[in-house]
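Reckoned from all heavy atoms, side chains included, excluding hydrogens, waters and symmetry mates. Quick caveat: nothing in here was measured; it's all calculated off a predicted structure. Residue numbers start from 1 in every chain, and the chains themselves are labelled A, B, ... in the order their sequence lines are given, proteins ahead of strands.
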Protein chains: 2
Amino acid sequence: MAFKRIAESTVRRLSLYLSYLEGLNGTDPSTVSSEILAGLVGTTSAQVRKDLSFFGSFGKRGLGYSIVELRDSLRDILGLDRTWQVCIVGAGKIGVALAQYPGFGTKGFHIAAVYDSDPAKIGTFWDSLTVRDVRQLRDDAAHERFDIGVIAVPADAAQSVVDTLVAAGVKALMNFAPAQITTPSDVIVRTVNMALEFEGLSFALAHRSA
Amino acid sequence: MAFKRIAESTVRRLSLYLSYLEGLNGTDPSTVSSEILAGLVGTTSAQVRKDLSFFGSFGKRGLGYSIVELRDSLRDILGLDRTWQVCIVGAGKIGVALAQYPGFGTKGFHIAAVYDSDPAKIGTFWDSLTVRDVRQLRDDAAHERFDIGVIAVPADAAQSVVDTLVAAGVKALMNFAPAQITTPSDVIVRTVNMALEFEGLSFALAHRSA
DNA sequence: GGATGTGAATGTCTTCACAGCT
DNA sequence: AGCTGTGAAGACATTCACATCC
């Protein structure tokens, strides 16, 4: 079950394939070709086949892929065949948007706890969860398992939150703070930086040819 | 001012360089080396120099880069030396989070208008702006210039919003809807899909070695 | 016949290493 | 001496094209 280096771009496409397969639930033909799947996500059929080939053979030559089987295989591959316990630090707008993001909970991510350092927020209800004091985090982690920690605090507080989460044994972090954070090498970090996305658009606009 | 194909990864790093240079405002040495800049954003000095070399020569051999000059050059390169008019469609949680994202307005992005199709939301105040009826969008675009359109609506409404924005002459779209959208080739599209980011973490967690 | 799975070829990005300027 | 700027090498990702199997 441990594969050699898989490109991040490949994993992103696998997620896209899955999301379109889930949209094809119970449609007419029970199979789908790499050609069709490629059209849905905006890539090529060769790319689809190559992506899948890293993990095995899921199709039948001459027929294509069974939608149901490929869907299940992709869920397995992506680790969505189980529930990940998510803990959000920072009960601000980003956290709220996240909790309401369509299909977040339905896809294997369970928001188990929300923490904040602001006394005004601690104890308030927040989408069926009570906001806890971030100082409880380390103790809580001894009883509850948190698989994924979400950093939704201002940049200057990010590293301290990261340190607490790492000390609490959390092995994967989703970082929404616009800050470079450092972690031990066995901790997986993904950073989402809205400013970067918009600056990418700005660059493209500024240099668009004719 | 029109450069040959620049990789998306390069543009992302340019944004990061800029953001760290802005943090180095008025610090001791007035110059910075590619080595130091690389350390700040987590890349290599060769990568920093290569990235910058696509746009010119900004450093002095033996000395490094003038922080102030490089900052200004990067702002120019990224198109942040002007203000982009942003129009958000969908007055939900994502839009709110966006408007409050630290340093969004300060970096050349001005939220000029917010639209929604929900009568309950139209006319309400929303962070100093009044939410407008999405049906006004096409007419409004004749009088106001919208450089960037933000798609913050559910997936099934995304393409129709895109079509309206494109018809209104908007040439750059930031898509937060988990949907594949199609546009004329002169329209720049960036898609941000939270689910994909989390599934990437899930994949990494599921296959982590050791 | 039709579509997969995959080595080989191509294209793209990153790293190396060094000449050249300050 | 120190650090940039850059061609060349290397690593990585995508595309091609075809043998293989249903």
Integer-rounded Å distance: [N] [atom2] and [X] [atom1]:
X	N	atom1	atom2	result
A:R49	D:dT14	CZ	P	15 Å
B:I67	D:dT4	CD1	C1'	16 Å
A:R12	D:dA13	CZ	P	14 Å
A:D51	D:dC12	CG	P	17 Å

If you walk 5' to 3' along DNA chain C, what is the first nucleotide with an atom under 4.0 Å of a heavy atom in chain A, and what is the last?
C:dG2 to C:dA8
Determine whether A:F109 and B:F198 satisfy the following criterion, ring pair (Phe, Tyr, Trp, His ring centres under 6.0 Å), listing intermediate values before the conclusion.
CA-CA 8 Å; A:F109 299 97; B:F198 276 88; 5.6 Å; yes
Under 3.5 Å, side chain of B:W84 to main-chain N/O of A:L205, donor-acceptor pair present?
no
Salt bridge flag under 4.0 Å for residues [X] and [Y]:
X	Y	value
B:R75	B:E22	yes
B:R12	A:E197	yes
A:R82	A:D76	no
B:K171	B:D147	no

Salt bridge (Lys or Arg N to Asp or Glu O under 4.0 Å) between B:R13 and B:D51, worked out
CA-CA 8 Å; B:R13 283 190 301 267; B:D51 286 340; 2.7 Å; yes
Quick one: does A:S202's side chain get under 4.5 Å of B:L80's, heavy atoms only?
yes
Just to be sure I understand the rule, does A:S9 reach a base, reach only the sugar-phosphate, or reach nothing, if contact means heavy atoms closer than 4.0 Å?
sugar-phosphate
Under 4.0 Å, heavy atoms only, any strand: does A:S45 hit a base, just the sugar-phosphate, or nothing?
nothing
For residues 31-38 of chain B, which residues have at least one heavy atom under 4.0 Å from DNA chain D?
B:S33, B:S34
Would A:M194 and B:L98 satisfy side chain to side chain contact (heavy atoms under 4.5 Å, CB included), going step by step from the backbone distance to the final call?
CA-CA 8 Å; A:M194 229 63 123; B:L98 201 68; 3.7 Å; yes
Five-pair end axes of the helix from C:dG1-D:dC22 to C:dT22-D:dA1, angle between them (10°):
10°
Closest nucleotide of DNA chain D for A:G62 versus for A:F54: which of these residues is on the 5' side?
A:F54
Does D:dT14 have OP1 or OP2 sitting under 4.0 Å from an N or O in the side chain of A:T44?
no
Does D:dG5 have its OP1 or OP2 closer than 4.0 Å to a side-chain nitrogen or oxygen of B:Y65?
yes
Side-chain donor or acceptor of A:R61 under 3.5 Å from a matching atom on the base of D:dT20?
yes
With the side chain of A:K50 defined as its heavy atoms from C-beta on, choose the nearest nucleotide among D:dT15, D:dT14, D:dA13.
D:dT15
Among D:dC22, D:dT6, D:dT14, the one nearest A:Q47 by side-chain distance
D:dT14
Sole candidate of A:I88, A:I111, A:V114 that passes side chain to side chain contact (heavy atoms under 4.5 Å, CB included) when paired with A:V150
A:I88
Begin from the C-alpha positions of A:L18 and A:R71 and carry the test side chain to side chain contact (heavy atoms under 4.5 Å, CB included) through to its verdict.
CA-CA 6 Å; A:L18 175 56; A:R71 167 162 61 61; 3.9 Å; yes
Using the rule given for salt bridge (Lys or Arg N to Asp or Glu O under 4.0 Å), can you reason through A:E199 versus B:K107, listing the C-alpha separation, both sets of side-chain angles and the distance that settles it, and then say yes or no?
CA-CA 9 Å; A:E199 288 174 27; B:K107 264 217 180 146; 3.1 Å; yes
